[in-house]
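Here's the structure, in structure tokens; my notes come after.
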Amino acid sequence: MTSEEPRSLAHDLRDAIAPRTVLLVLGVLLLQLGFILSYVGAFHSPSPHRVAVAVVGPQQTVDRINALDGTPVEASPSPNADDARQRVLDRDVEAAYLADSGTLLVATAAGPALATAVEQVFTELGAAQNRAPVVQDLVPPQAGDARGLTAFYAVVGWLVGGYLAAAALGIAKGARPATLRRTVIRLAAMVPYAIVSGLGGALVVDQVLGALTGHFLSLWWIGAALTFAAATVTMAFQVLFGVIGVGITVLIFVVLGNPSAGGAYQAELLPPFWRAIGDWLPNGAGTEAIRDEVYFAGNATGGPITVLVLWGAAGLVVTLLASALRIRRENADNSITLTG
């Protein structure tokens, strides 16, 4: 009877930690570092950049505002106070300045941080004339939405629900469905899930907490669109890349999407990269859609809603096409193996 030779440490390490596991852990590390980079990079030094402001006053005032160092404000003339006020309500501009009276019209419901930044710009501008602006808030947040963050956190919840539901299906039954019929069934299952998710979120935000009230149906369907978009995009990445697809989803929705969504700091306060991508990701589009619907009578919701629909449709189409191509390729490979 011979005794087995002791195995080397290197052998035990290879046996305990497979190369695939090492790659997955490295991927997690990269996501972690990306998370830190994205959030700290977006939020460490917020400053206004080209905030759209309507100005009622002489052209010299408009030119003087646009000549400020760093271009914190992009001023455009308005013929009178009523026009300037309406432009704020229509979401054409973020604020309006009435030069004669020194009145600054803001809408803190669109983002308190942005309104505060604009007020600071005009306070510094008026310091030379020893005249501080008189701030008038045209659209303050509802009582239950004191800091104006409810829309953002609701969006985060709906997106998390969407991609976790799709990831759970992948874990339970495989990231890549074995047949196209199963792919269709999975996608179809996300429709009632998204509807229930949107309904549940709207009930919590409106009926239970009273954070955003008076727009229950709009919240419901925006939430359903967000959930469905996150679910279909996650499925698409799973079909394309397997389990790694979940990590790519987290990269898009969490690492990139959340800091650029305009939650705590609106787009005009963010560095260029985050400012550029925010409106094109579901996080930013959903946050803007809810704020515009609840506080601005639905003005300017067309763009954000279109973004959500496009993400949902793209996830759906890519999932179906990628599944069909993969299944066709696998069937062709199996046929070659059998005939060979």
Side-chain angles (χ1 to χ4, degrees), residues 17-49 111 113-114 147 149 151-171 175-176 190 197 225-290 304 307-308 310-312 314-315 318-319 322:
I17 306 176
R20 177 183 173 83
T21 303
V22 173
L23 290 176
L24 287 175
V25 171
L26 287 175
V28 171
L29 176 62
L30 290 175
L31 271 180
Q32 169 194 323
L33 296 177
F35 184 99
I36 296 171
L37 173 63
S38 186
Y39 279 70
V40 176
F43 298 151
H44 77 288
S45 182
S47 58
H49 178 76
L114 183 58
R147 290 185 171 273
L149 291 172
F152 169 67
Y153 285 121
V155 167
V156 170
W158 277 314
L159 290 174
V160 168
Y163 69 70
L164 285 183
L169 283 177
I171 293 171
R176 292 163 168 158
M190 288 297 99
S197 175
L226 283 160
T227 303
F228 186 74
T232 59
V233 169
T234 302
M235 286 186 179
F237 283 129
Q238 285 180 312
V239 172
L240 290 170
F241 305 108
V243 67
I244 298 174
V246 177
I248 297 175
T249 303
V250 171
L251 173 65
I252 292 174
F253 292 133
V254 179
V255 175
L256 298 177
N258 284 346
S260 64
Y265 296 111
Q266 288 63 61
E268 293 86 350
L269 301 177
L270 299 177
F273 173 75
W274 291 269
R275 189 166 61 242
I277 67 174
D279 290 341
W280 301 101
L281 296 179
N283 312 57
T287 301
E288 188 66 23
I290 293 174
V307 171
L308 296 182
L310 289 176
W311 274 89
V318 171
T319 300

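Residues take their numbers from the sequence shown, with the count starting at 1.
- Every residue was checked against the side chain to side chain donor-acceptor pair (under 3.5 Å) condition with T249, not counting sequence neighbours, and none meets it.
- Here the side chain of T232 pairs a donor or acceptor atom with the backbone of F228 at under 3.5 angstrom.
- A distance of 9.5 Å separates CG in N283 from CG in L308, rounded to the nearest 0.5 Å.
- Across every non-hydrogen atom of A166 and M190, the tightest pair is N-SD, 4.5 Å.
- Within the model, atoms CG of L251 and CD1 of I244 stand 13.0 Å from one another, a figure rounded to the nearest 0.5 Å.
- Residues forming a side chain to side chain donor-acceptor pair (under 3.5 Å) with T227 (at least two apart in sequence, or on another chain): S197.
- In this structure V40 satisfies the side chain to side chain contact (heavy atoms under 4.5 Å, CB included) test together with I36, H44, sequence neighbours excluded.
- The distance from the CD1 atom of I277 to the CG atom of L270 is 9.5 Å, given to the nearest 0.5 Å.
- Remark: F43 pairs with Y265 by the ring-ring contact (aromatic ring centres under 6.0 Å, His included) rule, at least two apart or across chains.
- In this view, A322 and V239, L240 satisfy the side chain to side chain contact (heavy atoms under 4.5 Å, CB included) rule, not counting sequence neighbours.
- The two atoms that bring A236 and G315 nearest to each other are CB-O, 3.8 Å, heavy atoms only.
- The backbone N or O of G262 sits less than 3.5 Å from a side-chain atom of Q266, completing a donor-acceptor pair.
- For the side chain to side chain contact (heavy atoms under 4.5 Å, CB included) test, residues two or more places apart in sequence or in another chain that qualify with P304 are A285, E288, A289.
- By the salt bridge (Lys or Arg N to Asp or Glu O under 4.0 Å) test, E268 is found to be paired with no residue, residues two or more places apart in sequence or in another chain being considered.
- Y39 pairs by the ring-ring contact (aromatic ring centres under 6.0 Å, His included) definition with F35, not counting sequence neighbours.
- Residue pairs meeting the side chain to side chain donor-acceptor pair (under 3.5 Å) criterion with at least one partner in residues 151-167, sequence neighbours excluded, do not occur; the list is empty.
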Query raised in the report: After noting the C-alpha distance and the side-chain angles of L269 and W274, does the key distance pass the side-chain contact (heavy atoms from CB on, under 4.5 Å) rule?
Result: CA-CA 10 Å; L269 301 177; W274 291 269; over 6 Å; no
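- Checked against side chain to side chain contact (heavy atoms under 4.5 Å, CB included), A151 has the following partners two or more places apart in sequence or in another chain: T287, I290, R291.
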Requested in this report: List the steps, then state whether side-chain contact (heavy atoms from CB on, under 4.5 Å) holds for L169 with Q238.
Outcome: CA-CA 10 Å; L169 283 177; Q238 285 180 312; over 6 Å; no
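- Rounding to the nearest 0.5 Å gives a distance of 8.0 Å between CZ of F253 and CG of L281.
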